[in-house]
Amino acid sequence: MVDVQLFRRVTGLGRRSSRTPTTGQPTTDAGARCPELASFPLDARPLPGPHGDRLCCEGCTALGERNWAHLRMCLDCGYIGCCDSSPRRHATAHFHESGHPVMRSAEPGESWRWCYAHHVVG
């Protein structure tokens, strides 16, 4: 079993701006094409959450499952969900349910963010 950590969003990490029309094409020019990414700092760091030092997909854990590939953290609320390479795709489902467009990788050593609304990485 892998020992990992769960994190929660620090209040005041950022606020969502008004949205711009999406092109559906990924880009790394985040500032020019995505006000949502620009409103969340790249170095935003989460805090320990209710599962202590265990990082896990909240959706999979609620279902009693432990089968996920990579984890993503919502920068609006701190929700931790599994990526689209995982069977349940809870991070994307969280975006569709909540409307929270920006997440970041919750994997050790990764600090990139993704905007679901504009399909932009930054």
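This structure is a prediction, so every number in the text was calculated from the model and none was measured.
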Of all residues at least two apart in sequence or in a different chain, which pass the side-chain hydrogen bond (donor to acceptor under 3.5 Å, both in side chains) check with Arg88?
Glu65
N/O donor-acceptor pair under 3.5 Å between Glu58 side chain and Ile80 backbone
yes
Output the distance between atom SG (Cys115) and atom NE2 (His100), rounded to the nearest 0.5 Å.
13.0 Å
Does a side-chain heavy-atom distance below 4.5 Å link Leu75 with Met73?
yes
With Ser86 via side-chain contact (heavy atoms from CB on, under 4.5 Å) - residues at least two apart
Trp68, Ala69, Cys82, Cys83
Rounded distance [0.5 Å steps], SG in Cys56 versus CG in Leu71:
7.5 Å
For the atom pair CG (Asp84) and NE2 (His70), what is the distance rounded to the nearest 0.5 Å?
11.5 Å
Look at the side chain of Thr92 and the backbone N and O of Arg89, then say whether any donor-acceptor pair between them is shorter than 3.5 Å.
no
I'd like to check the side-chain contact (heavy atoms from CB on, under 4.5 Å) partners of Asn67; sequence neighbours left out, ordered by chain and number.
Pro87
Phe40 vs Asp76 side-chain heavy atoms within contact, under 4.5 Å
yes
Going by ring-ring contact (aromatic ring centres under 6.0 Å, His included), name the residues that satisfy it together with His90, two or more places apart in sequence or in a different chain.
none
Rounded to the nearest 0.5 Å, how far does OG of Ser98 lie from OH of Tyr116?
9.5 Å
For the residue pair Arg104 and Arg72, establish whether any side-chain heavy-atom pair is separated by less than 4.5 Å.
no
Heavy-atom pair of closest approach, residues Leu37 and Gly122
CD1-N, 3.7 Å
I'd like to check the side-chain contact (heavy atoms from CB on, under 4.5 Å) partners of Ala93; sequence neighbours left out, ordered by chain and number.
Glu97
Can you find a heavy atom in the side chain of Arg66 that is under 4.5 Å from one in the side chain of Cys57?
no
Hey, what's the ring geometry for His119 with Trp114, parallel, tilted or perpendicular (30° and 60° as the breaks)?
perpendicular
Any heavy-atom pair between the side chains of Met103 and Trp112 that's under 4.5 Å?
yes
